[in-house]
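Just below is one structure, and these are the notes that go with it.
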Amino acid sequence: MNNVLETMFFSETFGPGEPDDSPSLEARVAFSGEKSGSVAVRISLASARCLAASFLGESEDLLEDAQIAQVVCELANMLCGSIVTQIESRGCFDLGAPQLLPDPAQSEIAGAELRQSFSVEHGTLTVSLTFF
């Protein structure tokens, strides 16, 4: 996870974090292969804005909501790829298209089999893994 954040977003985690009720964005990527499931990423809006600015090389003030959402989807895609290759380094996986979840009620985070939250700049990043 840190490798993805450092390499692609010029950021890092600051240790374990606690999910909070601040405004956030959540994206999910399904995968299939020897094992199938999904990876979901929830990130506080302030953190998402900061990561998007770093990823796109733009000022936070100039970012549109759609750009931030696209970067959160790309973050979910990158983390899913990183996680599934760690699960089975020799297997082949198909990753689905990242989906932004518009409704917190659709969240997979709470019911995930594996879930970890991290403190990041301006908030919290939670990553979950669910197997089907």
Side-chain angles (χ1 to χ4, degrees):
M1 163 117 117
N2 267 334
N3 189 32
V4 170
L5 288 175
E6 289 172 2
T7 304
M8 301 305 296
F9 298 90
F10 311 104
S11 187
E12 63 184 326
T13 62
F14 303 116
E18 291 296 323
D20 57 29
D21 292 330
S22 66
S24 62
L25 294 173
E26 186 172 337
R28 169 183 60 212
V29 178
F31 62 89
S32 59
E34 279 190 39
K35 296 181 180 178
S36 297
S38 67
V39 171
V41 172
R42 180 184 295 159
I43 186 167
S44 58
L45 190 53
S47 297
R49 179 173 290 283
C50 180
L51 286 181
S54 293
F55 184 75
L56 297 172
E58 294 284 342
S59 169
E60 288 185 37
D61 300 341
L62 300 176
L63 294 176
E64 296 179 14
D65 291 344
Q67 290 175 294
I68 297 168
Q70 289 172 338
V71 170
V72 170
C73 286
E74 188 56 30
L75 171 63
N77 191 51
M78 290 179 199
L79 289 176
C80 183
S82 177
I83 290 168
V84 298
T85 57
Q86 291 178 28
I87 293 170
E88 186 64 48
S89 62
R90 295 183 191 187
C92 291
F93 289 92
D94 290 321
L95 302 184
Q99 299 176 325
L100 190 68
L101 301 177
D103 181 1
Q106 294 179 347
S107 176
E108 292 186 2
I109 299 285
E113 294 165 28
L114 299 170
R115 179 181 58 237
Q116 180 69 48
S117 294
F118 304 91
S119 291
V120 293
E121 192 169 355
H122 303 299
T124 304
L125 169 67
T126 300
V127 180
S128 70
L129 174 63
T130 303
F131 291 106
F132 303 139

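These figures come from a predicted structure and were not determined experimentally.
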Please report the interatomic distance CG(Leu25) to CD1(Ile43), rounded to the nearest 0.5 Å.
8.0 Å
Got Val72 and Arg42 here, is their nearest side-chain heavy-atom distance under 4.5 Å?
no
Looking at every heavy atom in both Gly96 and Val29, which two are closest together, and how far apart are they?
O-CG1, 3.5 Å
Would you please test Leu63 and Val71 for side chain to side chain contact (heavy atoms under 4.5 Å, CB included) and show each step?
CA-CA 11 Å; Leu63 294 176; Val71 170; over 6 Å; no
So does Ser24 get a backbone contact from the side chain of Ser44, meaning a donor-acceptor N/O pair under 3.5 Å?
no
Can you see which heavy atom on Glu121 is nearest to which on Ser47, and at what distance?
O-OG, 2.7 Å
Got Ile83 and Val127 here, is their nearest side-chain heavy-atom distance under 4.5 Å?
yes
How long is the span from the CZ atom in Arg28 to the OG atom in Ser128, to the nearest 0.5 Å?
10.0 Å
Distance (rounded to the nearest 0.5 Å) between Leu129 CG and Gln116 CD
12.5 Å
Non-hydrogen atoms of Gln99 and Cys73 that approach each other most closely:
C-SG, 4.1 Å
Once rounded to the nearest 0.5 Å, what's the spacing between atom OG of Ser22 and atom NE2 of His122?
12.5 Å
Note, Leu75 side chain near Met78 side chain (heavy atom, < 4.5 Å):
no
Apply side chain to side chain contact (heavy atoms under 4.5 Å, CB included) to the pair Phe132 and Phe31, showing each step before the final yes or no.
CA-CA 10 Å; Phe132 303 139; Phe31 62 89; over 6 Å; no
Closer than 3.5 angstrom, by distance alone: can the side chain of Thr130 be matched with the main-chain N or O of Ser38 as a donor-acceptor pair?
no
Is any side-chain heavy atom of Thr126 closer than 4.5 Å to a side-chain heavy atom of Arg115?
yes
Between Val41 and Ala76, what is the shortest heavy-atom contact and its length?
CG2-CA, 3.7 Å
Calculate, to the nearest 0.5 Å, the distance between atoms CG and CE belonging to Leu51 and Met8 respectively.
12.0 Å
Spacing of Phe93 atom CZ and Thr85 atom OG1 [to the nearest 0.5 Å]
8.5 Å
Begin from the C-alpha positions of Arg49 and Asp61 and carry the test side chain to side chain contact (heavy atoms under 4.5 Å, CB included) through to its verdict.
CA-CA 9 Å; Arg49 179 173 290 283; Asp61 300 341; over 6 Å; no
